[in-house]
*Asks:* 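Got a structure here, written out as C-alpha cells. Questions coming.
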Amino acid sequence: MKHLYKILSLIIIAPILSLVFIVGAGSLIEGYNVFSPYIDTEFAENYTPEKFDLIQMDLNEKEVLKILGEPLKKNTWKNETVFYYTLDAFLSRSSDCKYLIRDFAWYRSVIYFNKQGKITRIDKGWSYD
C-alpha cells in the first residue's frame, strides 16, 4: 500500500511541479531583475544613470554631448533629433547570453531635441517590452 501512495504522489506532484516551473519562468519574462536591474540594458560608452539625471530641459545638444558623450543611436526626423543613451540589450546582443531567461526589463534613457538643438523631452524609466 505504501508503494501505491508513493506512485500516486509522484503522478500527482510531478505535473504540478512542472506547471509551477513553467508559470514561474514565464512570469520572469520582461520582469525587473532585483539582483541585477540593468542586466538587459545596453549603455552608451560614457553613460551612467547618475550623469543622465544631470540633464535638464534648458540644455542644448552640445551641452548634452559634453555631459553624456555620444549616444548609442541617433535618429533624425522632420522636426526632431532623438538621442538614445540606452537600448534593450536583448535586441542587440548575440546568442551568447549569460542567463537562461533572455529578456528582462531594461532602463530607457532618451532625449528629444527640436530643430534648434534645444531639449523638448527627456524620457527615462523602465521598459517592459
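Keep in mind that this is a model prediction, so the values were computed, not measured. Both backbone and side-chain heavy atoms feed into the values below; hydrogens, waters and symmetry mates do not. Numbering of residues begins at 1 and proceeds along the displayed sequence.
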*Asks:* If I compare all heavy atoms of Q56 with all of I119, which pair ends up nearest, and what's the gap?
*Replies:*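 The pair with the smallest heavy-atom distance is O-CD1, 3.3 Å.
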*Asks:* Nearest 0.5 Å, what's the NZ-CD1 distance between K62 and I67?
*Replies:*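 Here the interatomic distance stands at 14.5 Å.
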*Asks:* Give the minimum heavy-atom separation between E42 and A89, together with the two atoms involved.
*Replies:*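 Smallest interatomic distance, heavy atoms only, reads N-CB, 3.9 Å.
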*Asks:* Where do L59 and E63 come nearest, in terms of heavy atoms and distance?
*Replies:*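 Heavy atoms of L59 and E63 come nearest at CA-OE1, 3.2 Å.
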*Asks:* Hey, is D53 close enough to K124 for a salt bridge, meaning N to O under 4.0 Å?
*Replies:*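 So D53 pairs with K124 through a salt bridge.
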*Asks:* Out of curiosity, L87 CG to F43 CZ, how far, rounded to the nearest 0.5 Å?
*Replies:*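 L87 atom CG to F43 atom CZ measures 11.0 Å (nearest 0.5 Å).
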*Asks:* Table please: side-chain donor-acceptor pairs of residues 75-86 below 3.5 Å, with sequence neighbours left out.
*Replies:*
| from | atom 1 | to | atom 2 | distance (Å) |
| --- | --- | --- | --- | --- |
| Y85 | OH | G69 | O | 2.7 |
| T86 | OG1 | Y107 | O | 2.6 |
| T86 | OG1 | S109 | N | 2.8 |

*Asks:* Return the OH to OG1 distance between Y47 and T41, rounded to the nearest 0.5 Å.
*Replies:*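 Result: 8.0 Å between the selected atoms.
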*Asks:* Can you tell if the side chain of F52 reaches within under 4.5 Å of the side chain of E50, non-hydrogen atoms only?
*Replies:*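 A side-chain contact is absent here, since even the closest heavy-atom pair is not under 4.5 Å.
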*Asks:* So, for S36 and N33, which heavy atoms are closest and what is the spacing to 0.1 Å?
*Replies:*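 Looking at all heavy atoms of both residues, the closest pair is N-OD1, 2.9 Å.
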*Asks:* So L68 and I111, do their side chains get closer than 4.5 Å, heavy atoms only?
*Replies:*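 A side-chain contact under 4.5 Å exists here.
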*Asks:* What distance separates N60 CG from K66 NZ, expressed to the nearest 0.5 Å?
*Replies:*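 Rounded to the nearest 0.5 Å, the CG-NZ separation comes out at 10.5 Å.
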*Asks:* Between atom CD1 of I122 and atom CZ of F113, what is the distance when rounded to the nearest 0.5 Å?
*Replies:*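 Going from the CD1 atom of I122 to the CZ atom of F113 covers 8.5 Å.
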*Asks:* Work out which heavy atom in A44 is nearest to a heavy atom in E70; give both atom names and the distance.
*Replies:*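 Heavy atoms of A44 and E70 come nearest at CB-O, 3.6 Å.
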*Asks:* Can you confirm whether or not the ring centre of Y38 sits under 6.0 Å from the ring centre of W126?
*Replies:*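 Yes, the ring of Y38 comes within the 6.0 Å limit of the ring of W126, centre to centre.
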